[in-house]
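Below: one structure, written as structure tokens.
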Amino acid sequence: MKEQLHELLNQQQYRAVTTIDRPLLIIAGAGSGKTRMITYRIAYLLHQGVSPSSILALTFTNRAAREMSERVSQLTEGPAAGLTVSTFHSFGLQLIQAHGPLLGYRGSITVFDTQDKLAMIQEVLRQTPGLRGGVTAGEAASYISQKKTSLGNSAEESHPALPRIFTEYQDHLKAFQAVDFDDLLLLPITLFTSRPEVLSSYQKRFQYILVDEFQDTSNIQYRLLRMLADYHRNLCVVGDDDQSIYSWRGADYSNITSFEKDFPEVQEIKLEQNYRSTGNILEAANHLIANNRLRKQKSLWTGEVQGLPLHFRVFEHETEEAESITAKIRELALKNSWNYDDFGILVRANSLMGTLEHELMAAAIPYTVSGGMSFFARKEVKDVIAYLRITANPHNDVDLLRILNTPRRGLGKSTAEELRSTADSGGSSLYSAAEMLAFGEPSPLPSRGKHALQELIELIRWAREEVKTGKPISEMLSRLLDRIAYRQFLMQEHAKNPRIGEWKYGNVERFREFLSRWEEDHEEGELSLADYLNRISLTGKQEPDTRGGKVSLMTIHASKGLEFPCVFLPAVEDGIIPHEKSIAENPQAVEEERRLFYVALTRAKEALYLSRCSSRKFMQSRRDASPSPFLQEIPESFFTETAPSSSPTREEVLRTFADLRSKLKSRQ
DNA sequence: GGGTAAGCAGTTTTT
DNA sequence: CTGCTTACCC
């Protein structure tokens, strides 16, 4: 085994794989074979006779988790039973479910996604008197999130009612047996703090803990890790501070420093050989990132050839730029016999994708756009999920409110208010209140509303009975959809544009197919409907369509972890990268913007085409665009001859910065 | 309860 | 310009 590993891995990778008796900090530069190293490490542990159940591997995205467990089972020739490879959040959910009673939950727990959370907050706001629009649901949501994730550090209170909204919100969640995404990390910590014996059992069980993309961990995630690893102290974290691009959502790469402090016996390994990019591309990226002050020193190198110089062009406007990119793709696809899926077009903001999409379509080049609205977050799909969740747990108020008048059945604002006040005075759920109002005498509802409510309750009762019989839920769902005439509802909603209606109903059908496939595949008694629906809110992304032959158009953020032989980077302009808004919020964000640009550059294996425009349409008007200051940080020698004349002069850059600063000042 | 008109924002996004 | 939310009126 060891000899084999020596052949397959370089010196540093080998050490990273086989050092298994102490905490490890692996700084893995872009393209340094990180995923490969991690999977080999797990396989090595298993080969050394470590029981799969004492290994815990944590990732951020479901994609990463899936990839990792697939690659491990390839190496070990079959999946290792008991091995935990999961995202932080689903691991948290597992813990919460396993110890529900200790945390005050009984029965099935519902995971609220961002939209559910907002809906719930809106409910709370409506009920909190004296709030005359002082706080928006969004503000409250970010306060709540901050409060939960800051772990005792004070959250900023922009409004005196926020603490009360927070407690109200928490009470509501508890009442519905629901948790939000933050809770998935927070509740395990609460559990471990209040029940040291539970913590201890997990500490003993997980002898080896691995964390991928460590630079993306939040403080709360790090704290959970520290708790879990405290006994065996065998925590291996892998990350690259230069690729930390998610600080705006709580990632804190200073966790790397904390890790070194908390685990002083740590051994540090740097993976610095890049296997992805040609010399020019890698060197250019190195020059750029060297301008960041706050980073770990490292020097990525490659054994690859020098390769092509970087291309850079200036266009008049975005249409010209997009036309040129599509033409280039065409040309390269023919000349280099590349496939369309060898090309990636990476942009800083979603708003830049429109023109590019348009041109790709016009040129009949197949493409996929990644990101965008998650399939399971679409309104029509969420409606259907709400119906199913109500079936699993009728006392979930958020779901009841969602379906109350969808499709329209004459149960609007006034009925909802009546339900709310009845529920509040009786301390019951909305569903119980609805039963009372629908069948109780006397009822404050007008007879039409009463009737509609009766029908709705009978529908829910019917659905619950159907599920109890053990017949396929997907069949029940089709009949339910017929009963509520959901298709007609969608068509009516989009009477002006029937194609949208058809498309939306198609999504509903697709969801039904998912459900029915899950029912066929899943093992008896393993997962309940509620569990399945929870998993959907945790794995909510639509599968990216990577199956061959398509150009990928995506944001730079979405491109992390991917690579393309040929990368196009349009709109390398000041105000776009670095993004004006991000700098305005926090001037220190320049370094993160630079990392973002670095991530973009290092996605390319062989060819890199940068471009900018001298003017760009911005909202309704057109405005002049100056080059990104980052271009100055890449020496001209890396570019083709066309570059120097188009690069900005030092004076130009300074002027742009001065302009930007004064603009920001005047706005305040 | 529903429909229309005015109002407003338009970075990145996973779980 | 567009897409979405809010507010108001019927």
Side-chain angles (χ1 to χ4, degrees), chain A residues 58-65 86-93 111-118 122 133 136-138 145 148-149 179-186 213 216-218 220-221 244-251 346-355 370-374 376-377 379 404-417 446 448-449 452 492-493 495-496 500 534-542 544 554-561 571 575-586 589 592-593 595-597 599-600 617-622:
Chain A
L58 292 171
T59 64
F60 281 83
T61 61
N62 291 294
R63 190 183 81 199
S86 114
T87 64
F88 273 94
H89 287 83
S90 25
F91 180 64
L93 178 62
V111 178
F112 275 9
D113 69 13
T114 320
Q115 282 182 45
D116 297 329
K117 179 180 172 181
L118 274 176
Q122 244 140 21
T136 67
S145 202
K148 285 187 179 182
T149 48
V179 295
D180 63 21
F181 282 136
D182 294 326
D183 290 332
L184 293 176
L185 304 170
L186 186 63
E213 304 280 10
D216 286 337
T217 43
S218 64
I220 191 165
Q221 283 161 332
S244 164
I245 55 175
Y246 283 110
S247 74
W248 48 273
R249 64 168 206 230
L346 312 183
V347 294
R348 170 68 237 262
N350 274 310
S351 55
L352 297 166
M353 293 208 271
T355 320
S370 84
M373 175 98 80
S374 140
F376 295 103
K379 189 187 168 300
L404 192 63
N405 205 26
T406 307
R408 300 216 167 77
R409 50 170 74 87
L411 298 174
K413 201 163 51 177
S414 53
T415 320
E417 272 163 17
R448 218 182 329 147
Q492 188 197 323
E493 284 284 279
K496 285 173 208 148
I500 294 182
N534 271 340
R535 227 185 22 192
I536 281 175
S537 33
L538 281 174
T539 59
K541 269 285 170 201
Q542 192 180 5
M554 60 177 74
T555 63
I556 302 174
H557 282 92
S559 77
K560 198 166 79 152
I576 291 181
I577 188 159
H579 201 283
E580 202 176 355
K581 284 240 164 99
S582 101
I583 305 293
E585 241 169 46
N586 169 17
E592 176 142 328
E593 294 288 313
R595 289 194 290 271
L596 202 48
F597 197 49
V599 167
K617 214 170 77 182
F618 196 77
M619 295 187 207
Q620 58 276 56
S621 61
R622 174 164 291 284

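This structure is a prediction, so every number in the text was calculated from the model and none was measured. In what follows, every chain begins at residue 1, and chains take the letters A, B, ... in the order their sequences are listed.
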Nearest-0.5 Å distance, [atom1] of residue [X] to [atom2] of residue [Y]:
X	Y	atom1	atom2	result
A:Thr87	A:Leu58	OG1	CG	8.0 Å
A:Ser244	A:Glu213	OG	CD	10.0 Å
A:Phe597	A:Ile556	CZ	CD1	7.5 Å
A:Leu185	A:Phe88	CG	CZ	8.0 Å

Quick one: label A:Ser582 by what it contacts on the DNA or RNA (base, sugar-phosphate, nothing), any heavy atom closer than 4.0 Å.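 Contact class for A:Ser582: base.
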Heavy atoms only, 4.0 Å cut-off, all strands: where does A:Phe60 land among base, sugar-phosphate and nothing?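 It contacts sugar-phosphate atoms only.
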Interatomic distance, [X] [atom1] vs [N] [atom2] [rounded to whole Å]:
X	N	atom1	atom2	answer
A:Leu185	B:dT14	CG	P	16 Å
A:Glu580	B:dA9	CD	P	16 Å
A:Met353	B:dT12	CE	P	8 Å
A:His557	B:dT11	NE2	C1'	8 Å
A:Ile576	B:dT11	CD1	P	11 Å
A:Lys617	C:dC1	NZ	P	9 Å
A:Arg448	B:dG1	CZ	P	9 Å
A:Glu593	B:dT12	CD	C1'	8 Å

Proximal nucleotide (of B:dT12, B:dT14, B:dG10) relative to the A:Lys581 side chain: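 Of the options given, the side chain of A:Lys581 lies nearest B:dG10.
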What's the closest nucleotide to the side chain of A:Asn350 if the choices are B:dT14, B:dT11, B:dT12?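 Closest nucleotide among those given: B:dT12.
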Ring pair (Phe, Tyr, Trp, His ring centres under 6.0 Å) with A:Tyr246: which residues, sequence neighbours excluded? A:Trp248, A:His557
Any A:Asn62 side-chain N or O less than 4.0 Å from OP1/OP2 of B:dT14: no
Just N and O in the side chain of A:Thr555: are any of them under 4.0 Å from OP1 or OP2 of B:dT13? yes
Who are the side chain to side chain donor-acceptor pair (under 3.5 Å) partners of A:Glu592, not counting sequence neighbours?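 If we apply the side chain to side chain donor-acceptor pair (under 3.5 Å) test to A:Glu592, skipping adjacent residues, the hits are A:Ser247, A:Arg595.
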Which residue lies toward the 5' end of DNA chain B, A:Thr61 or A:Ser351, if each is placed at its nearest nucleotide?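 That would be A:Ser351.
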All stems that DNA chain C takes part in, i.e. 3 or more consecutive Watson-Crick or G-U pairs with distances under 3.5 Å, are B:1-10 with C:1-10
Apply the test salt bridge (charged side-chain N to carboxylate O under 4.0 Å, His left out) to residues A:Lys117 and A:Asp183: give CA-CA distance (whole Å), side-chain angles for both, the deciding distance (0.1 Å), then the verdict. CA-CA 12 Å; A:Lys117 179 180 172 181; A:Asp183 290 332; over 6 Å; no
Expressed in whole Å, how much space separates the P atoms belonging to C:dT2 and B:dT13?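 Per the computed distance, 23 Å lies between those P atoms.
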